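Note sheet for the following structure.
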Amino acid sequence: MRQEWGRLVALLLSQFRRLDLVEDALGDAVEAASRTWPADGTPDNPAGWLMTAAKRRVLDRLRTEGVAQRKLPMLLTDAEHREEGARTMADSGSLVEDDVLRLVLMCAHPALAPEAAGALSLRLVLGVPTADIARLFLVPEPTMAARITRAKKRIVGAGIPFAVPDAAVLPDRLDIVAQTTYLAFTAGYAPGTGPDLLRADLSGEAIRLARVVLGLRPDEPALVALLALMLLQHSRRDARVRDGRLVLLADQDRGRWHHDEIAEGTRLLVGPVLAGPVTPLTASYALQARIAAEHATAPTADDTRWDRIVGLYDLLLQVSPSPAARLARAVAVAEDRGTAAGLAALEGLEIPSSHRPAAVRAELLARSGDTDAARAAYDQAIAACGNDVEREFLERQRETLG
Amino acid sequence: MTRFVVLIAYGSSEWDGASAETRDYYFRAHDAFSAYVAEHGTEHSSGALADPGAATTVRRAGRARDGDVVVTIGPFAETTEQVGGYYDVELPDLDHAITAASLLPAAYSVEIRPTITIT
């Protein structure tokens, strides 16, 4: 049922152009299905059944609506497509695919706030329950429900269309789809608390979103590189937490990594789509994916090719410089060329309101035997750390200094 | 089709000392905007506004219906960016409005607002 959600939303939107009614109507239809199918048996054409039920609900709502509501602005669509759609209805597969692309582009529109776009994409394209989206973005469910409602109002109010833009603009818009997807993915890895430490299962929804878009635009370099990156990072999820505690990469049980996902990710990286010249965004995703692949394909932590990883970070810093990438490069330099070189690479690096530079410095100082300086750096990191689980980890590290 | 008002904010002083070449760039940018709108929709009207120093603001005291009319010198709000002109256009959607707005001179901040029907 979930696989059909985006297609059904797209078809209902192109027919009724009422963003406020369509999602509720489909939700009601799915709920009715979960009540009646177990007793009556699943219909021969489940998607058709849901579509009919949802349409009936939209029509019911339209009939009972007041005059004032009928005058509300409708979702804008590309006009020529409307005529085409009326002629052929839902018979042609490619027309439906176009509608799903319209839906994806509408949800990840640059005139929406990035987090709202991410949430809306998961809700409308994939049918992820609002409660799960709220957990992913670490907000209470009513807050997320209100955010999604506001985003839908903004789409209609600002004139964001349910349409495929000009070919000249489409690549940029697909880049924004990729960025929106990656934002939803990384939200699942932002540290939470307790059992929600990683919420990694929810990051899998972003991978599903990327697969939906790649189903529509198979050779889009940014999305291919992004899928590789997400698969390679996501493959480690089961080994990253043990007994509610973070496990560092070097200490992870590599047998618990998802090797099928690692294989798919590395295969995507060497494919023809990424062989030619690519945009900076695509290059940045591909380089991060290649770094993740170096880790994922090393048989043991000791076999990690840190020299190659440092080289990849050097390239990444040229394509898209960031303090986070500099920090990660410093860690790699320490592994490759020793702690002194790592500490030198950390020189002058600061990330506002982040404990990570201090935490890395503390770890390297501890390794170099400078216990006093290490303790001071740990104190600094602990003071700046806003997450309980990570703070506990840092406190344990400080204890072991003796 | 949606009716959009395209509001342009621009530091007016920049225009006064502009070279012939700069002025030519501005005129060509506005022509490109109008040509794009004509191709995809309708341009209903447009206007360049006089300097904010020429603005007069009228309010009712205390916003009360029977409040005295208070006339003050200057625009609604004193900000560094002031509305310096507008276009009233009809275009298929926000994507077209953004494309049109991006044809205007680079020094502008452009605000796109759909108009609504008051019932």
Side-chain angles (χ1 to χ4, degrees), chain A residues 13-14 17 19-20 65-84 98-99 101-113 116-117 120 151-177, chain B residues 1-10 25 28-47 76 79 81 83 85-119:
Chain A
L13 279 183
S14 81
R17 301 169 57 206
L19 197 47
D20 54 336
E65 247 179 15
V67 180
Q69 274 160 305
R70 247 171 268 155
K71 283 191 180 155
L72 289 177
M74 303 239 275
L75 185 62
L76 298 169
T77 66
D78 23 11
E80 81 204 301
H81 156 75
R82 265 208 311 281
E83 287 151 27
E84 226 178 304
D98 280 0
D99 274 338
L101 185 60
R102 285 181 173 82
L103 180 64
V104 165
L105 292 167
M106 179 189 81
C107 291
H109 198 278
L112 292 172
L120 202 63
K152 288 197 279 191
K153 280 195 181 137
R154 167 144 178 91
I155 286 175
V156 179
I160 293 172
F162 180 73
V164 180
D166 274 4
V169 191
L170 189 57
D172 287 346
R173 294 288 306 279
L174 286 165
D175 273 4
I176 293 171
V177 171
Chain B
M1 283 287 175
T2 295
R3 190 104 171 230
F4 292 98
V5 172
V6 176
L7 298 167
I8 295 165
Y10 174 64
Y25 161 73
R28 273 186 288 118
H30 281 274
D31 288 346
F33 176 93
S34 292
Y36 181 86
V37 171
E39 191 188 334
H40 296 278
T42 314
E43 184 176 316
H44 289 289
S45 76
S46 68
F76 294 126
T79 57
E81 283 188 320
V83 175
Y86 78 95
Y87 282 96
D88 171 5
V89 298
E90 206 159 329
L91 284 169
D93 52 47
L94 180 63
D95 285 347
H96 286 83
I98 290 173
T99 304
S102 62
L103 297 169
L104 289 169
Y108 291 177
S109 294
V110 181
E111 180 177 326
I112 300 163
R113 284 251 206 133
T115 64
I116 54 170
T117 313
I118 306 288
T119 49

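Fair warning: this is a prediction, and the values are worked out from it, not measured in the lab. A, B, ... follow the sequence lines: proteins, then strands. Residue 1 opens every chain.
- Residues Ile98(B) and Val169(A) fail the side-chain proximity criterion, which asks for heavy atoms closer than 4.5 Å.
- Considering every non-hydrogen atom in both Ala151(A) and Ala116(A), the closest pair reads CB-CB, 4.2 Å.
- Here the CE atom belonging to Met74(A) is positioned 11.0 Å from the CG atom belonging to Leu13(A), to the nearest 0.5 angstrom.
- The CG atom of Leu75(A) sits 9.5 Å away from atom CD1 of Ile160(A), with the distance rounded to the nearest 0.5 Å.
- Top candidate by heavy-atom pairs under 4.5 Å with chain B, chosen from Ala168(A), Pro161(A), Ala111(A), is Pro161(A).
- The nearest pair of heavy atoms linking Leu91(B) to Ala97(B) is CD1-CA, 3.8 Å.
- The CG atom of Leu112(A) sits 5.0 Å away from the CD1 atom of Ile155(A) when rounded to the nearest 0.5 Å.
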Below 3.5 angstrom, are there any donor-acceptor pairs between chain A and chain B, and if so, which atoms and how far apart?
| from | atom 1 | to | atom 2 | distance (Å) |
| --- | --- | --- | --- | --- |
| His109(A) | NE2 | Asp95(B) | OD1 | 2.6 |
| Gly159(A) | O | Leu94(B) | N | 2.7 |
| Arg173(A) | NH1 | Asp95(B) | OD1 | 3.4 |
| Arg173(A) | NH1 | Asp95(B) | OD2 | 3.2 |

